Amino acid sequence: LLEAARLAPPPKDRDHLRLAIVALLNLAYDRGDGAAAQEARTLASTRYAPMFDPAREPAGHADGLHLEASAIAVVATRQPGDDALRAAEDLYRRALDLLPPGDDHDAADVRYKALTGLTSILLEDGRRRRDTALMQEAADMARAAVDAAQAKGEPQGLAVARRNHAAALMLLADRTGEPDQAASAVKALGAAMEGREREDDPKGWAIGSSNLAVGRLMLGKRLRDRDMIVAGLKGVRAALDVQTVETAPLDRAMTLGNLGFGLTNLGEMDQRPEPLEEAVLALREALEIYTDEPATFEHARVQRSHAEA
């Protein structure tokens, strides 16, 4: 599909063109390929979305807006600056506004995807601004995505939506500092992982395992609960078994950053140098992965954590 998109004029067939855009988005996400993200954005905005009349085929046009927003979001959530975040947020909201009410399957599918994308943008914006209202809106959007996934009737999408909702609640709880809210979020993260097997969806399982682990690390730090931190570290290590440099380098770098965070907290709690030394090694490996993208927001976060460790 990528060869077809790059070596020949973009296909006129809607389904083939959409598959090519999704392939580019996957490449951009997994490899941090900015050129692939830009290509996906161009195809979505100039080729795919115009294939659908907004008045007669609102779901198709909204899907084009969602794909363009996703291409922007791949870059926006990893680099400093707010302009790209605003652009992606605007496109996701425009896509949602276009969708007709009711149980139309195509509209429900696009609604779920746009809500999921908007949740990620709002969470990242809320985290950067330390804005509780934005995080609350993100949690509300994630809850709406769960409802949209249920309307779709797709079990895997529903599992992802529940995982994202629980993760949004965890970040909101961390921001508000409410231990009970954080404990409920960790419980929801655990429930979202029930029945999910690593062999069925290794990438999704690793993301879910990492989210649950980070929730435990955050709650363990807040409650000074060593067992909770150790459980979180176990989950992070399990995710790293799946996220290799070859298959998911940026996911691995982010998870290594979380490992460094957890080990630093454990070292401080135990007053032992060994966890801190391991934290430095994990964060150093993450920095090596980020070498090709020195300006990313996550790169800056890991640099700070490395210095603190």
Side-chain angles (χ1 to χ4, degrees), residues 119 123-124 126-127 130 132 135-136 138-139 142-143 159-198 202-243 251-286 298 301-302 304-309:
T119 297
L123 279 178
E124 182 61 31
R127 185 175 68 148
R130 300 180 180 177
T132 304
M135 290 188 172
Q136 180 62 64
R143 175 65 251 184
V160 172
R162 285 174 172 162
R163 182 189 73 203
N164 290 341
H165 181 231
L169 290 175
M170 185 67 242
L171 289 174
L172 178 62
D174 185 60
R175 177 64 190 153
T176 60
E178 294 290 339
D180 290 344
Q181 192 177 37
S184 297
V186 169
K187 184 177 180 180
L189 283 165
M193 287 294 291
E194 289 179 1
R196 302 201 68 187
E197 298 295 335
R198 171 174 167 172
K203 182 178 177 180
W205 180 90
I207 292 173
S209 178
S210 181
N211 284 345
L212 175 57
V214 170
R216 286 170 171 164
L217 291 174
M218 288 180 174
L219 183 59
K221 178 183 179 181
R222 188 171 296 280
L223 298 178
R224 302 284 299 172
D225 186 329
R226 187 181 188 280
D227 290 341
M228 181 78 71
I229 292 176
V230 170
L233 288 171
K234 181 179 179 181
V236 170
R237 294 184 197 280
L240 288 171
D241 286 341
V242 177
Q243 297 168 335
D251 283 347
R252 180 175 178 82
M254 186 177 295
T255 304
L256 283 166
N258 294 329
L259 178 61
F261 167 75
L263 287 167
T264 300
N265 290 332
L266 183 63
E268 292 174 347
M269 185 176 293
D270 289 354
Q271 294 294 297
R272 293 188 299 115
E274 290 82 5
L276 297 173
E277 291 167 356
E278 189 180 352
V280 169
L281 292 176
L283 293 165
R284 188 174 297 159
E285 182 183 344
E298 279 299 319
R301 181 179 73 89
V302 171
R304 289 194 298 271
S305 296
H306 183 257
E308 290 170 2

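When reading the values below, keep in mind they use all heavy atoms of this one structure, side chains included, and skip hydrogens, waters and symmetry mates. These numbers come from a predicted model, not from an experiment.
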Is the backbone of Ala206 close enough, under 3.5 Å, to the side chain of Ser210 for a donor and an acceptor to pair up by distance? no
Is the side chain of Ser209 donor-acceptor paired with the backbone N or O of Trp205 at a distance under 3.5 Å, no angle test? no
To the closest 0.5 Å, what do you measure between [atom1] ([X]) and [atom2] ([Y])?
| X | Y | atom1 | atom2 | value |
| --- | --- | --- | --- | --- |
| Ile207 | Met254 | CD1 | CE | 9.5 Å |
| Leu283 | Leu259 | CG | CG | 7.5 Å |
| Met135 | Glu124 | CE | CD | 9.0 Å |
| Leu217 | Asp225 | CG | CG | 11.5 Å |
| Arg272 | Leu266 | CZ | CG | 6.0 Å |
| Asn265 | Arg222 | CG | CZ | 11.5 Å |

One pair to check against side chain to side chain contact (heavy atoms under 4.5 Å, CB included): Leu276 and Leu263. What are the steps and the verdict? CA-CA 6 Å; Leu276 297 173; Leu263 287 167; over 6 Å; no
Report the C-alpha separation of Glu285 and Leu281 in whole Å, then their side-chain angles, then the decisive distance to 0.1 Å, and conclude whether the side chain to side chain contact (heavy atoms under 4.5 Å, CB included) test is met. CA-CA 6 Å; Glu285 182 183 344; Leu281 292 176; over 6 Å; no
Any idea which heavy atoms bring [X] and [Y] closest together, and the distance?
| X | Y | result |
| --- | --- | --- |
| Ala279 | Gly260 | CB-O, 3.6 Å |
| Thr119 | Ala142 | OG1-N, 3.3 Å |
| Ala139 | Ala168 | CA-CB, 3.9 Å |
| Gly262 | Ile229 | O-CG2, 3.9 Å |

For residues 211-221, the side chain to side chain donor-acceptor pair (under 3.5 Å) pairs (sequence neighbours left out) are none
When you look at Arg226 and Asp270, which way does the side chain to side chain contact (heavy atoms under 4.5 Å, CB included) test go after all the steps? CA-CA 9 Å; Arg226 187 181 188 280; Asp270 289 354; 3.0 Å; yes
Identify each donor-acceptor pair in which a side-chain atom of residues 233-242 lies under 3.5 Å from a protein atom, sequence neighbours left out, and give them as a table.
{"residue": "Arg237", "atom": "NH1", "partner": "Glu278", "partner atom": "OE2", "Å": "2.8"}
{"residue": "Arg237", "atom": "NH2", "partner": "Glu278", "partner atom": "OE2", "Å": "3.1"}

